[in-house]
Amino acid sequence: AKKLRLEEVATKLSSHLDQIEQFEGQGLCNFNLNVAGKNEKNSTPMIRCDFDVSAGALREPTQQLKISGINLNGSYSNEGGKENEFLKLWDMRFKTATGPFQGEFLLTNFLRPHYEGKAKGNLDLASIHGIFRLPYIEQIVGFLDVNGQFDIQTVVDEAGQHALDLQKCVVSLTMRNIDASVIDDSRTFKSLNGFVGIDGDEAALQDIRVK
């Protein structure tokens, strides 16, 4: 499929249709999927999928939420077997009210996930949640500045338990005036401010304030 309208694709993929149907948008999506294999219960089909979004924007007019400059290239494949299965996102860029954000992400070895990526930019959390619906979050407003790189490998110990090996994880998060509540939790966290720095398996907190 070529030159699909971004707002139509977002509607079809969303689990919150009643809300995303209110959105306006622009931009185009391209999608190319190849599936090959035998139609047998114990046979895994070979899948290759490439997709991209260009010059995209999504707006929720009632709350004045907006994300613009959405660009993304992505690819998924299991053609090399489970050991070579991957999902890759690159040239990922967009803008919210606080400024630009960019990043890239690679997931390999789905049985023992290996996560690699980097991200840098500013996020208006109300716009991100209003359009993409963050998991487990009931509502959230505020701003988050992100700058980091990570390379995290899943390992299995002698007891067969999975654990994360932080081969590289250098991340800084600056939180500004965040109010948030979690689904199925009556508490609301207000005026969350401060800095979190992560370097490997060490974390530093500075000037954390919350009500």
So do [Y] and [X] actually touch side chain to side chain, heavy atoms under 4.5 Å?
X      : Y      : answer
Tyr136 : Leu134 : no
Asn193 : Asn177 : yes
Phe51  : Leu33  : no
Arg48  : Ser75  : yes
Trp90  : Phe105 : no
Ile178 : Ile140 : yes
Leu107 : Pro113 : yes
Ile208 : Met175 : yes

For [X], which residues count as a salt bridge (Lys or Arg N to Asp or Glu O under 4.0 Å) partner, sequence neighbours excluded?
X      : answer
Asp145 : Arg176
Arg112 : none
Arg209 : none
Asp151 : none

Would [X] and [Y] show up in the same hydrophobic cluster when neighbours are defined by side-chain heavy atoms closer than 4.5 Å?
X      : Y      : value
Leu144 : Leu65  : no
Leu125 : Ile183 : no
Val141 : Val210 : no
Phe86  : Val35  : no
Phe110 : Phe150 : yes

Could I get the full list of side-chain contact (heavy atoms from CB on, under 4.5 Å) partners for [X], not counting sequence neighbours?
X      : result
Ser43  : Lys38, Glu40
Lys41  : none
Phe101 : Phe94, Ala119, Leu123
Asp91  : Asn73, Arg93

Which atom of [X] lies closest to which atom of [Y], heavy atoms considered:
X      : Y      : result
Ser54  : Asn71  : CA-OD1, 3.4 Å
Ser191 : Asp179 : N-OD1, 2.8 Å
His162 : Leu111 : CE1-O, 3.7 Å
Arg187 : Ser181 : O-CB, 3.7 Å
Lys3   : Asn30  : N-OD1, 2.9 Å

* **Between Ser68 and Arg59, a side-chain donor and acceptor under 3.5 Å** =>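 Result is no, nothing qualifies.
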* Do Asp50 and Asn32 have side-chain N/O donor and acceptor atoms under 3.5 Å apart? ->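 The criterion, which ignores hydrogens and geometry beyond distance, is not satisfied for Asn32 and Asp50.
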* To do: Take Leu6 and Leu58, measure what side chain to side chain contact (heavy atoms under 4.5 Å, CB included) needs, and give me the verdict at the end.
  => CA-CA 8 Å; Leu6 175 60; Leu58 291 171; 4.3 Å; yes
How many angstroms lie between atom [atom1] of [X] and atom [atom2] of [Y], to the nearest 0.5 angstrom?
X      : Y      : atom1 : atom2 : answer
Thr108 : Lys88  : OG1   : NZ    : 11.5 Å
Lys82  : Asn78  : NZ    : CG    : 10.0 Å
Cys29  : Asp52  : SG    : CG    : 7.5 Å
Leu166 : Gln153 : CG    : CD    : 11.0 Å
Ile47  : Glu79  : CD1   : CD    : 10.0 Å
Asp124 : Lys95  : CG    : NZ    : 14.5 Å

Report the residues that fulfil side chain to side chain donor-acceptor pair (under 3.5 Å) with [X], sequence neighbours left out, ordered by chain and then residue number.
X      : answer
Thr188 : none
Thr96  : Thr98
Glu85  : Tyr76

* Asked: When you look at CD of Glu104, are more than 12 heavy atoms from neighbouring residues, nucleotides or ligands closer to it than 6.0 Å?
  ->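 For Glu104, atom CD is crowded (more than 12 foreign heavy atoms under 6.0 Å).
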* Check whether more than 12 heavy atoms from other residues, nucleotides or ligands sit under 6.0 Å from atom CG of Asp184, and answer yes or no. =>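 Incorrect, the count does not exceed 12.
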* Asked: Which is it for Phe195 and Leu205 under the side chain to side chain contact (heavy atoms under 4.5 Å, CB included) test, yes or no, and what are the steps along the way?
  -> CA-CA 6 Å; Phe195 172 83; Leu205 309 180; over 6 Å; no
* Step by step, work out the side chain to side chain contact (heavy atoms under 4.5 Å, CB included) result for Ile67 and Ile128. => CA-CA 8 Å; Ile67 296 179; Ile128 296 297; 3.8 Å; yes
* To do: Please collect all side chain to side chain donor-acceptor pair (under 3.5 Å) contacts where either partner lies in residues 165-174, sequence neighbours excluded, each pair once.
  =>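 The answer is Gln149-Lys168.
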* Would Leu72 and Leu89 count as a side chain to side chain contact (heavy atoms under 4.5 Å, CB included) if you check the C-alpha gap in whole Å, the side-chain angles of each, and the deciding distance to 0.1 Å? -> CA-CA 7 Å; Leu72 169 69; Leu89 306 175; 4.0 Å; yes
